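Below is one structure, written out as structure tokens; comments come after it.
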Amino acid sequence: MPGRKTPPRSKVEAQAEAAHLCGNMTMPEPKLSRRAALLLPAALGACGPAIAQRGLPDFADLAQSVIPAVVSIQVTTRDGVPPEWRNQPRERNQREPSRRRGPIIQGAGSGFIIEPSGIIVTNAHVLGEAANVLVGLHDGSEYPATIIGIDELTDIALLKIEPQRPLSAVSLGHSRQMRVGQWVLTAGNPFGLGGSVTSGIISAIGRDIRLGPFDDFIQTDAPINPGNSGGPLFNMAGEVIGITTLIFSPSGASAGIGFAVPSDLARPVIEQLLRGGRVERGWLGVSVGDVEAAPGRPPRGGAQVLGVERGSPAARSGLRQGDVITSVDGARITNNRDLVRGISAIPPGQNVKLSLLREGRVMEITVQVGRRPGPG
């Protein structure tokens with residue numbers, strides 16, 4: 001009734017009112033009395049496990065299981081750019097000062113063991129023009145490493161060490177199964193400090209940041225810093241679903257925007273490096289761009305041929321400037337990146353059927369795929 005005072009609540013009643021929030025996180029918040037609000041931290045502390053079950057995981061068991069397979073990498077290089085700064089925003093600012101310190105410098109990076117015999121995955125940019133590579137294990141032991149192979153286009157490299165016993169190893173998961181908002185754990189050697197883990201979520205998938213034709217990065221807000229390059233990005237099952245490669249930051253340290261090469265892109269590269277120390281990719285010999293949409297019409301799919309190299313597989317097959325390639329062996333092409341990746345995945349020497357539009361007419365031609373020139 002008007003003018004009637006509410007009797008003071010006991011501590012137990014106030015805690016019960018505050019704790020109501022724990023069991024009803026999806027319900028509208030009740031109006032709290034001032035006393036309940038003051039006691040809210042204690043009440044929420046009592047229901048901490050309930051909150052953890054609703055999306056704030058404990059990473060301790062996961063970290064304990066995967067950390068033994070994460071390694072630090074020390075590199076002596078001769079090109080004047082510390083490996084932990086490669087592909088980082090700081091590289092441009094630090095190139096000249098680092099050169100003034102001398103032609104041989106020490107850099108740090110990260111990696112992870114994929115075979116107990118001592119096969120290690122890292123970033124190509126971590127190794128650079130490596131003169132010597134030293135791998136540090138979680139138990140403190142160190143081993144000189146040899147480079148099995150490097151693929152600069154995907155920024156992936158393989159190392160081999162000769163351990164005295166089988167090592168802990170981790171396996172590659174399927175990055176295509178990951179979704180924006182899922183929890184991830186990253187591990188590595190930030191700033192050369194040694195084994196460290198950080199957690200976060202997947203912020204975006206399929207990021208194209210204009211570094212090359214194979215941009216398909218996983219973006220995460222898990223803190224990543226110089227020295228983390230080459231380290232693993234884990235899902236909650238302890239599988240590697242990404243390889244940490246670079247960050248966007250005005251300072252050179254983590255700003256909550258990090259990128260990882262997805263495991264599904266890395267897997268065939270790693271397999272080829274294991275088999276022969278290099279990656280062979282298919283090649284047509286064309287420059288391509290996306291198809292521009294007509295005014296007022298939705299964009300058309302396909303990759304438009306902007307130029308054809310003389311003597312290339314494309315030239316021999318009769319491809320012309322202006323052709324719009326819409327499929328490769330029946331697989332739809334929606335943009336120029338689809339075409340580059342699709343052809344790159346085809347073994348050199350294999351014939352493929354291209355569907356295309358030429359001056360409004362639908363055509364099909366057969367091309368014998370060539371070998372992509374240059375590194376990788």
Side-chain angles (χ1 to χ4, degrees), residues 57 59-73 87 109-127 135-138 145 148-151 154-161 166-180 182-190 195-207 214 216-225 227-247 258-274 279:
F59 292 93
D61 289 341
L62 173 59
Q64 184 176 7
S65 67
V66 299
I67 275 291
V70 181
V71 304
S72 61
I73 298 174
N87 283 0
S110 305
F112 55 96
I113 302 166
I114 59 168
E115 290 189 7
S117 61
I119 304 296
I120 295 165
V121 177
T122 187
N123 280 153
H125 79 258
V126 167
L127 302 181
V135 170
L137 303 185
H138 180 62
I148 295 176
I150 291 176
D151 182 57
T154 54
D155 198 20
I156 293 172
L158 286 188
L159 300 173
K160 178 71 169 75
I161 61 175
L167 302 176
S168 296
V170 289
S171 60
L172 296 179
H174 295 285
S175 55
R176 64 178 175 272
Q177 296 177 355
M178 301 303 293
R179 300 168 58 201
V180 172
Q182 287 187 311
W183 287 102
V184 287
L185 182 82
T186 185
N189 181 32
S196 301
V197 298
T198 56
S199 66
I201 62 169
I202 292 180
S203 305
I205 55 177
R207 277 284 192 240
F214 298 98
D216 191 27
F217 294 108
I218 297 172
Q219 181 181 328
T220 176
D221 69 350
I224 296 170
N225 290 289
N228 273 115
S229 288
L233 184 70
F234 292 104
N235 62 16
M236 295 303 290
E239 299 168 326
V240 179
I241 50 87
I243 303 169
T244 301
T245 189
L246 58 94
I247 60 175
F259 298 95
V261 178
S263 59
D264 288 336
L265 177 62
R267 184 179 289 102
V269 172
I270 292 171
E271 291 172 351
Q272 286 199 55
L273 291 177
L274 279 173
V279 178

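Note that this is a predicted model, so its numbers are computed, not measured. Throughout, numbering of the chain's residues begins at 1 and tracks the sequence.
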### Query
Are any of the side-chain heavy atoms of Thr198 and Leu185 separated by less than 4.5 Å?
no
Output for pair (Leu167 CG, His138 NE2), nearest 0.5 Å, gives 13.0 Å
- Task: Quick one: do Ile120 and Ile114 satisfy side-chain contact (heavy atoms from CB on, under 4.5 Å)? Show the steps, please.
- Result: CA-CA 6 Å; Ile120 295 165; Ile114 59 168; over 6 Å; no
Is the closest side-chain heavy-atom distance between Ile218 and Ile241 below 4.5 Å? yes
Open item on the list: side-chain contact (heavy atoms from CB on, under 4.5 Å) for Val240 and Phe234? Distances and angles first, verdict last.
Closed with: CA-CA 5 Å; Val240 179; Phe234 292 104; 3.6 Å; yes
Subject >> Ser229 side chain to His125 side chain, donor-acceptor N/O pair below 3.5 angstrom >> reply: yes
Exercise. Show your reasoning for whether side-chain contact (heavy atoms from CB on, under 4.5 Å) applies to Ile73 and Leu159.
Key: CA-CA 10 Å; Ile73 298 174; Leu159 300 173; 3.9 Å; yes
Checklist entry - Going through the distances and angles, do Phe259 and Ile243 end up as a side-chain contact (heavy atoms from CB on, under 4.5 Å)? => result CA-CA 8 Å; Phe259 298 95; Ile243 303 169; over 6 Å; no
Q.
Less than 3.5 Å apart, any donor N or O on the side chain of Thr244 or Asn228 sitting next to an acceptor on the other?
A. no
d(Leu265 CG, Arg176 CZ) to nearest 0.5 Å is 12.5 Å
* **Note, Ser199 side chain near Val184 side chain (heavy atom, < 4.5 Å)** => no
Value for CD (Gln182) from CE (Met236), rounded to nearest 0.5 Å, stands at 10.0 Å
Side chain of Ser110, backbone of Ser72: donor and acceptor closer than 3.5 Å? no
Residues Gly111 and Pro232: closest non-hydrogen pair is O-CD, 4.3 Å
Under a 4.5 Å cut-off applied to non-hydrogen side-chain atoms, are Val279 and Leu273 in contact?
-> yes
Leu137 and Val71 have their tightest heavy-atom pair at CD2-CG1, 3.6 Å
Checklist line | Stepwise side-chain hydrogen bond (donor to acceptor under 3.5 Å, both in side chains) test for Thr245 and Asp155 | finding: CA-CA 8 Å; Thr245 189; Asp155 198 20; 2.5 Å; yes
Please check if the side chain of Arg267 supplies one atom and the backbone of Gly173 the other of a donor-acceptor pair under 3.5 Å.
-> yes
Sorted by chain and residue number, the side chain to side chain donor-acceptor pair (under 3.5 Å) partners of Thr154 (sequence neighbours excluded) come out as Asp151
Output for pair (Leu158 CG, Ile119 CD1), nearest 0.5 Å, gives 7.0 Å
For Gln272, the side chain to side chain donor-acceptor pair (under 3.5 Å) test, sequence neighbours excluded, returns none
Ala145 and Ile161 have their tightest heavy-atom pair at CB-CG2, 3.7 Å
Of all heavy-atom pairs linking Gly230 and Phe112, the shortest is O-CD2, 3.7 Å
Closest non-hydrogen contact found for Pro68 with Ile113 is O-CD1, 4.3 Å
All heavy atoms of Gly109 vs all of Asn189, minimum pair found to be O-ND2, 3.3 Å
Here the gap from Ile205 atom CD1 to Met178 atom CE, rounded to the nearest 0.5 Å, amounts to 9.5 Å
Exercise. With a 4.5 Å limit on heavy-atom distance, are the side chains of Leu172 and Ile270 in contact?
Worked result: yes
One should read off an interatomic distance between Ile224 CD1 and Ser196 OG, to the nearest 0.5 angstrom, of 13.0 Å
Have Asp264 and Ser175 got a donor and an acceptor in their side chains that come within less than 3.5 Å? yes
